[in-house]
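Following: one structure in structure tokens, then a few remarks.
Computed from a predicted model, the values in this text were never measured in an experiment. By convention here, the first residue in the shown sequence is residue 1.
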Amino acid sequence: AVQRLHTVATRLRDALIAVQRDAFAAFSDRAAFEQVKRRAADEVGNIAKAFTEDARSIGVEHELEQLRIATNDALLDLPFPQELSLGREAGRQQAIDIGMQALGTFMRGGDPMSHGQNVAAEEAGGRLSSLGRRYTEWWERHAPRLQDATARMQDALFEVLIRLSSAQLKAEQPVSQGTTAVRVGQ
């Protein structure tokens, strides 16, 4: 049970990473993005459920539940990458605006291609910077709780291993009358 539960944090982390990967395919559709998050939340629940009996058998059910909750909350709070999605009408309007600016640049004797490239680079940089800030804020909100829940699970598993090792050593020690048995090398 301890060995199996040692992998639960990794599996939950992988589910969180998978939703980010899957959500990228749905970045232009908020409803699809939310659906990806809900499916991933269900997967987090299924992973935790698969380990519940092991957790109960060694007394770490509370830690498993706290890790599941922290992962689920972070997952459901993952922000929609609206910076990557203009929408059809907004994209059309932006293309018209850039075209008009390029025409104005051309009429003033400038290079409309360079202007278009500069505008696109500034737009992309601004959008990615904004998205990066929002994801950083998201991570800063959830990282302490995720890290704490993971550490508590690992600590609880370590304590179980110490108790098991101690019980095993006591069971293996020979009993002799009037003397204390010391096992060398263990």
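Here the shortest heavy-atom pairing between Leu78 and Lys37 reads O-NZ, 2.8 Å. Residue Leu5 comes nearest to Phe51 through the heavy atom pair CD2-CB, 3.6 Å, listed as atom of the first residue, atom of the second, then distance. When all heavy atoms of Ala9 and Thr150 are compared, the pair lying nearest together is CB-CG2, 3.9 Å. Contact between Ala48 and Leu64 at its shortest, heavy atoms only, is O-CD2, 3.6 Å.
Under the 4.5 Å side-chain contact rule for hydrophobic residues, Trp139 and Phe33 share a cluster.
Here the straight-line distance linking atom CD1 of Ile58 with atom CG of Leu157 works out to 5.0 Å at 0.5 Å rounding. Between the CG atom in Leu169 and the CG atom in Leu164 there is a gap of 11.0 Å [rounded to 0.5 Å]. With rounding to the nearest 0.5 Å, the separation of CZ in Arg68 from CD in Glu63 is 14.5 Å. For the atom pair CG (Asp54) and CD (Gln3), the distance works out to 10.5 Å, reported to the nearest 0.5 Å. In this structure, CZ on Arg141 lies 12.0 Å from CG on Leu146, to the nearest 0.5 angstrom. Summarising the geometry, atom CZ belonging to Arg145 is positioned 7.0 Å from atom CD belonging to Gln66; distances are rounded to the nearest 0.5 Å.
Here Glu137 does not pair with Arg134 in a salt bridge; the nearest charged N to carboxylate O distance is not below 4.0 Å. With respect to Arg38 and Asp42, no salt bridge is recorded, no charged nitrogen being found less than 4.0 Å from a carboxylate O.
Cluster partners of Leu76: none. The rule joins Ile, Leu, Val, Met, Phe, Trp and Tyr whenever side-chain heavy atoms lie under 4.5 Å apart, and it links nothing here.
Each of Asp155, Val160, Ile162 was scored for a side-chain contact (heavy atoms from CB on, under 4.5 Å) with Phe158, with one residue passing: Ile162.
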- Starting from the C-alpha separation in whole Å, work towards a yes-or-no answer on side-chain contact (heavy atoms from CB on, under 4.5 Å) for Gln35 and Arg39. CA-CA 6 Å; Gln35 186 177 26; Arg39 278 195 314 263; 3.5 Å; yes
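Taking the six-membered ring for Trp and thresholds of 30 and 60 degrees, Trp138 and Tyr135 have ring planes more than 60 degrees apart, a perpendicular arrangement.
Between the side chains of Thr52 and Arg56, no donor-acceptor pair is found at a separation under 3.5 Å.
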